[in-house]
Structure formats: structure tokens, C-alpha cells
Amino acid sequence: MKSQAATPYARPDEDLRGGPQSWRARAGGTALILALLVACGPPTVDARAVWIASQRDKGGARTLTIYDAGRLVERELLPADPGPEAEVLPLVVELDPRGQGALVRAADGGWQHELGDSFGSLRAGYVDLAGERTLPLALPAGLAPDAAGFAPAGGALWWTAGCPAALELVPLSPRVATPSASDTGAVVPLAWPLPVGCAEVWGAVGAADAPVVFAVQGVPENGVLRPGPGGHVLALRYPRPAHGYDAVPALTALGEARLPDAPLLRLPRARCAGPGPSCGLAVVDPDGRTLSLAGAGACDVWRWVAGEPAFACAVPAGAAWHNADRLIAAISPRHYVFREGLVIRRYDLATGEHVGRPLIGDTSELFTRTSVDGRAVLFATTRGAALRVDEAGLELLSAEQAPCAGAQPPVASPNARYLAWTCVTDGGADVGGLVAGEIVRVSSAGMERFQGVPMWALAIDDDGDLLLHSRDDQEFSLELLLPPTAPRNLYVLSADGELARVDALEPDPELMRGMGPSVYRWIAAQAT
């Protein structure tokens, strides 16, 4: 049985430098509210979520609230230069893919602002939610929010900078030493010089279950990158020790090669740690051993094993069962997943076997979600049909279907065995005088539907427990891709159907930006 919610606690005072000012713990009135809930033993979700309160104090400070598997903790963010312009700009807040921490930046769409601390100003901070510390980061002044990215396996934040370019990476594990610059106090990133070109032509893609990133030379195209024929690719291992402490962290080269001198394509954005320019460059198997690209012409899939001298053609052109630009993922060093319309296929490179199965529905309702370890892919329509693909085969989780008006993008559990989303009621129908909504949860047990007030799903864990917030109404903003008004209350729907309110969300959360362009959130959440 999971542990129940505990009384919130206040961590030692800390700021972006580790000092006593900017990131200040405050439990305050929240502890009084939750103390009543603890006695009732509300359900919890193995997830972390963060949001920023809409109110500021006289100095312009904002409160960052953290939900951590049932606990609520607060931090305080001080502005470097309080002013009316800074008041209206949303902070950039993005969670690590494994929910271990949150990157907090201050930026608008055109130029960079700075976060304050007790000694001056910095461009970003990483709030380590698992290690209970904060790392100050001095990101390059001109770096767009989506030009920095988390490694998919967690434990690192990377970006490219300079001309000639270098890959710069900050290890995020508390088991890794993080030296600080004497003038700013910010963490000094590990740097690896890239062979040619400037920062904007380089991207990076990583393994989902190994501390490996591939730096890929690309061609800028409409704000994104596609693989550049004949360009360079490097495989690098970053420090993320499972045991012990790394006092002298360094990047380690695993191999270098040239991209095929042939037409190369971008791929669907099935799994990316932030929708940045690198998303869709290539797919990496979970072990970090191979990099695969989509091609056009004689070869549909090019594959490089790190350490080998060159790419090889893994899937020649001409197979009727696949399409090169529909390569979704490499779920092992030998298994690929393709999607053509609503037909899902798994291809075994070692045996040549390919198995496929169609989903019933419409492609406009189809969503793709990948397990946190990258070893499974979940396809589902918001009508309820769901199919899971892993190394063992294809598993139909649910064949049941029902209409779902105004469906939100689904959230998936880390193991990709649970999926959840919310719907609104057609025609504004009400139940007992209240506007009604619906929660949909899909697993191997089939499809469950729960009716009540309108909700918005935030995260679901490997036991099927779901974190949600309630909504004032059923309105939806096409500009924000969110409900336009702030969330009302934070709820947990347990695996056995028990619904419990865990926070009143007072004051209201303010709107936050994600790392990608036009990405906004009221609350950022990730199951752990």
C-alpha cells in the first residue's frame, strides 16, 4: 500500500546560490489545511507537480509550490529587477523527464530576463526536487527557452553554444560534483567541442534509459533541425552514477562518425524531453547503443552503432509495410516501431519479422506516448482504443470505445500501462445543476469513465492513481491549448475510484511557459 499524505515540511532556507534568501521555504497556512486531510488518509499519486502562485509580495517575489507524492512544499522566487513589465511575463518552468527536478527560467518570446538571488542575478535555476537543493545556472544570454533540453534519461541538462560550437552539459545528479564559477556562483557546465559549424546547426538526442547523448549536425529549417547529409555525429556518455560519488565528472566519447551522404528526413515527435529544435532528428535505443535516421531513396532507415566507423542501412527501401518518416521509436537495439495511419507495426531487425495491428478510430484522435524507460510505446485514441508495443509484442489494452467531446491530450504512466484524459459534456449538459465533465482511464482492465465536475488530468502513476485539477467551466483556449481560467482545486483519483481533494489552490496558480514555443501550463506535472 502506498504511503499516505504527510504534513508539509519546510526545508532549510536556500536560494539560487545555496544562500538564505531567494528560494525560501514557507509552509504557512497550507499546513493547517492539509493537517485536516492527513487524518482522513487521502490517496496520493507517485508524481511531482509544480505551480506558481498568482500573488506577489511587495518585493515582487513569487511562490513556487511543489506537490511531491502527497507532500506540499513552497519556495520563493525573487525577481532581479522588479517592475511592471516583469510582473506580466510568465516564467519558463519545465520538469525533468523523470520528475526529479524543475528548470525555472525567466523569459518572454523575444529577449531574456533574469532570476534574482541574494548576490545578483542569474538566468536560470534547477530545483532538485529529489535531492532537495537548487543549482544556479548561467545559461547563454541569447539562448531561446527551447534551445536547452533535458537528457531523456534524466540527470543532465544540455545546450549548444558558441561559434565554433560546443556541447555544454550540466550533470544534475546529486551524486555528481558541480563546481561553481567564482564570479557568478553558477554551475560550470561540462563542455565538448564539436567538429565544425556554429551552435544553431547542432542538436542532441539521448537514450531513455542510459546516460548517453548523440550530438548531431543538422540543417536549420523553419525553426527546427533535420539531419544534415554528410554531417558529423558524436556519441557521448555523461556522468550519472548509480552508486558512489563522482568528484571529477567528465564527458566520455563513445564514438564519432559521418551521417550518410543521402537524403535524410525528420521523424514524428513521439518522445522528446521538451519540443525543441532537436526533436525529430533521430531515434536512439533505450540502451544508448544505436542512433537511427529516416532516409529517402535506397534506404529507409540508417543505423549507427556507437563506436562503429560508419552508418549501415537497417531497412532498405521498398517494403510495403512501412514508411520511413513514420518511424516512431527504437524500443531496443533491435526492435523498431512504425505507424502508418492507424496500423502499428513492430519490426525485429535481427530476424526480419514484422507484426502489425490496426486500431479502430480516426487518426485525428490518435495520441502516442512512450514509457519513461523508452522500452514501450502506447498508442490510443480519445474514444478509448489503446495498443501497447514492447519487445515482447503488441498488446491490445482496450478495444472499447465511446465518444469524448473536447478531449485533452492524454497523460500516460511511466510504464505506459495506464492512460488518462478528460472530456467535456456535449451541449453543456449538467448534472444536478452543475456543468458536467468526464474522466477517462484506460488500462489492461479496459476503459473506466467517471462523471462529475469538469477536470484536467495532470499525471498518472504506475498504479493508476491520477492527479487532476478541477475547472470552472468547459471552456478551452485554442491559443493556450488549455482551459483559459486558472485551476480551482487539486484532486487525486485513486486506482479504486476514490476521489479526494488535496489542495484548494489558493491563491490561484499563474500561467507558466514550457520550454517549447507556444507551450503553456497552469501546473507542470510528471509521474515518477
Side-chain angles (χ1 to χ4, degrees), residues 5 33 37 40 42-51 65 67 69-70 72 95 365 367 369 380-384 386 398 402-413 418-443 446-461 463-478 480-506 508-512 520-527:
I33 295 170
L37 294 176
C40 302
T44 63
V45 181
D46 283 339
R48 295 190 177 97
V50 295
W51 63 94
T65 304
Y67 172 90
L72 287 179
L95 282 174
E365 302 171 338
F367 287 87
R369 297 292 182 264
T381 70
T382 49
R383 288 179 178 269
S398 171
C404 178
Q408 72 162 105
V411 294
S413 62
Y418 284 90
L419 199 67
W421 61 93
T422 62
C423 313
V424 299
T425 304
D426 276 322
D430 59 68
V431 176
L434 297 174
V435 176
E438 195 167 38
I439 302 167
V440 181
R441 182 168 56 195
V442 171
S443 68
M447 181 172 62
E448 303 170 278
R449 302 177 79 93
F450 305 87
Q451 289 192 336
V453 298
M455 293 276 191
W456 191 263
L458 295 168
I460 188 167
D461 66 19
D463 293 326
D465 297 317
L466 179 62
L467 189 68
L468 318 100
H469 70 70
S470 59
R471 303 162 56 178
D472 252 342
D473 50 39
Q474 300 188 118
E475 295 299 314
F476 182 80
S477 168
L478 292 176
L480 300 175
L481 299 180
L482 288 173
T485 55
R488 294 299 305 272
N489 296 282
L490 191 67
Y491 285 90
V492 168
L493 176 67
S494 68
D496 59 7
E498 178 188 354
L499 183 68
R501 191 182 77 163
V502 296
D503 190 62
L505 295 180
E506 295 176 350
D508 291 342
E510 79 168 33
L511 197 63
M512 306 180 301
Y520 293 92
R521 300 186 183 98
W522 293 108
I523 299 174
Q526 178 71 49

Judged by atom type as modelled, is there a donor-acceptor pair below 3.5 Å linking the side chain of [X] to the main-chain atoms of [Y]?
X	Y	value
S470	N489	yes
W522	P483	yes
Q474	P454	no

What are the two closest non-hydrogen atoms of [X] and [Y], and how far apart are they?
X	Y	answer
V440	C423	CG2-SG, 3.7 Å
P43	V502	O-CG1, 4.3 Å
M455	T422	O-OG1, 3.0 Å
A459	V45	O-CG1, 4.3 Å
V411	I460	O-CG2, 3.7 Å
P403	R449	O-NH2, 2.8 Å

**OP:** Please identify each residue that fulfils side chain to side chain contact (heavy atoms under 4.5 Å, CB included) with L480, with sequence neighbours left out.
**Re:** S477, L482, L511, Y520
Subject >> Partners passing side chain to side chain contact (heavy atoms under 4.5 Å, CB included) against A49 (at least two apart in sequence or in another chain) >> reply: W51, Y67, L467, I523, A525
Original post:
R471: what forms a salt bridge (Lys or Arg N to Asp or Glu O under 4.0 Å) with it, not counting sequence neighbours?
Top reply: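 R471 satisfies salt bridge (Lys or Arg N to Asp or Glu O under 4.0 Å) with no other residue.
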Original post:
Are L490 and L458 close enough, and set up right, to give a side-chain contact (heavy atoms from CB on, under 4.5 Å), and what steps lead you there?
Top reply: CA-CA 10 Å; L490 191 67; L458 295 168; 3.8 Å; yes
Original post:
Just how far is it from atom CG of D465 to atom CD of E498, taken to the nearest 0.5 Å?
Top reply: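 These two atoms lie 9.5 Å from each other.
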**OP:** Output the distance between atom OH (Y418) and atom CG (D461), rounded to the nearest 0.5 Å.
**Re:** 8.5 Å
Original post:
Could you walk me through whether E475 and T485 pass the side-chain contact (heavy atoms from CB on, under 4.5 Å) check?
Top reply: CA-CA 8 Å; E475 295 299 314; T485 55; over 6 Å; no
Output all residues satisfying side-chain hydrogen bond (donor to acceptor under 3.5 Å, both in side chains) with [X], sequence neighbours left out; order by chain, then residue number.
X	value
R441	E448
T382	none
S494	D496
D508	none

**OP:** Take F476 and L481 through the test side-chain contact (heavy atoms from CB on, under 4.5 Å) and record every step on the way to the result.
**Re:** CA-CA 7 Å; F476 182 80; L481 299 180; 4.2 Å; yes
Original post:
Taking it one step at a time, do W421 and V442 satisfy side-chain contact (heavy atoms from CB on, under 4.5 Å)?
Top reply: CA-CA 9 Å; W421 61 93; V442 171; 3.6 Å; yes
Original post:
Does the side chain of P509 reach to within under 4.5 Å of the side chain of H469, using non-hydrogen atoms?
Top reply: no
